[in-house]
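Remarks on the structure that follows.
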Amino acid sequence: MSRRFTPKVVTANHLLEGDAVWLTADNAWTRTMSEAQFLDDEDLANERLAYALTQEADIVGPYLADAQLGENGPEPTHFRETFRTRGPSNYAHGKQVEVA
């Protein structure tokens with residue numbers, strides 16, 4: 001029995017800074033998930049992941065993460081991805097300072 005495809009975004013970590021990043025439709029990496037390309041087609045999602053895997057000079061560990069379309073763009077559907085949108089958790093810096 002095959003599993004039904006659910007919408008995704010391509011995510012990874014920035015190689016030098018470690019921040020969570022998301023792939024945009026114009027092949028850029030953004031630190032804001034709502035700017036990511038929303039992928040509701042399985043073949044396109046796999047193509048975008050294949051592209052991300054070629055970007056080892058900029059990012060590490062790319063994968064497809066479940067997402068839903070919100071008012072401002074893609075939003076996480078899982079706690080792990082919600083946590084990643086908030087930045088590193090070891091001390092307040094980066095995205096955590098901006099939210100506080």
Side-chain angles (χ1 to χ4, degrees):
M1 175 180 207
S2 67
R3 208 176 114 198
R4 193 178 118 253
F5 179 78
T6 57
K8 311 282 186 208
V9 291
V10 177
T11 188
N13 287 88
H14 188 272
L15 181 63
L16 298 178
E17 297 170 12
D19 285 356
V21 292
W22 292 267
L23 185 61
T24 66
D26 61 353
N27 294 333
W29 292 98
T30 181
R31 287 174 169 76
T32 306
M33 184 178 184
S34 63
E35 296 173 357
Q37 182 178 14
F38 184 72
L39 303 164
D40 58 3
D41 176 80
E42 186 172 11
D43 291 335
L44 179 59
N46 289 325
E47 287 175 25
R48 300 302 287 151
L49 179 59
Y51 169 78
L53 289 166
T54 71
Q55 302 302 299
E56 65 237 2
D58 298 316
I59 55 102
V60 63
Y63 64 93
L64 293 171
D66 289 337
Q68 63 189 6
L69 197 53
E71 288 183 22
N72 298 314
E75 297 176 345
T77 62
H78 190 276
F79 170 77
R80 175 183 181 191
E81 299 310 317
T82 300
F83 191 76
R84 292 182 75 240
T85 65
R86 297 183 181 147
S89 62
N90 53 349
Y91 57 93
H93 67 284
K95 295 175 197 171
Q96 291 178 343
V97 172
E98 296 167 11
V99 172

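This one's a predicted model, so the numbers in the text were calculated from it and none came from an experiment. Position 1 is the first residue of the sequence; numbering continues from there.
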Name all pairs fulfilling the side chain to side chain donor-acceptor pair (under 3.5 Å) condition that reach into residues 39-48, sequence neighbours left out, sorted by first residue then second.
-> N27-R48, Q37-R48
Contacts of type side-chain hydrogen bond (donor to acceptor under 3.5 Å, both in side chains), residue E71, not counting sequence neighbours | none
Just how far is it from atom CG of L39 to atom CZ of F5, taken to the nearest 0.5 Å?
-> 6.5 Å
Residue pair A67 / T77: nearest heavy atoms and the distance that separates them | C-CG2, 3.6 Å
Closest approach of P74 to A36 (non-hydrogen atoms, all atoms of both residues) = CG-O, 3.3 Å
May I ask you to list the residues sharing a hydrophobic cluster with L69, side-chain cutoff 4.5 Å, ordered by chain and number?
-> F38
For residues 55-66, dump all side-chain donor-acceptor pairs below 3.5 Å to protein atoms at least two apart in sequence or in another chain.
from: Y63; atom 1: OH; to: E81; atom 2: OE1; distance (Å): 3.4
from: Y63; atom 1: OH; to: E81; atom 2: OE2; distance (Å): 2.7
from: Y63; atom 1: OH; to: R84; atom 2: NH1; distance (Å): 3.3
from: D66; atom 1: OD1; to: T6; atom 2: OG1; distance (Å): 3.1
from: D66; atom 1: OD1; to: K8; atom 2: NZ; distance (Å): 2.3

Taking only residues two or more places apart in sequence, or in another chain, which ones meet H14 in a side-chain contact (heavy atoms from CB on, under 4.5 Å)?
-> L16, E17, V21, R31
One should read off an interatomic distance between T54 OG1 and L49 CG, to the nearest 0.5 angstrom, of 10.0 Å
Any donor and acceptor pair, going by atom type alone, linking the side chain of T32 with main-chain N or O of S34 inside 3.5 Å?
-> no
Could I get the full list of side-chain hydrogen bond (donor to acceptor under 3.5 Å, both in side chains) partners for T82, not counting sequence neighbours?
-> none
Rounded distance [0.5 Å steps], CG in L23 versus CH2 in W29 = 4.5 Å
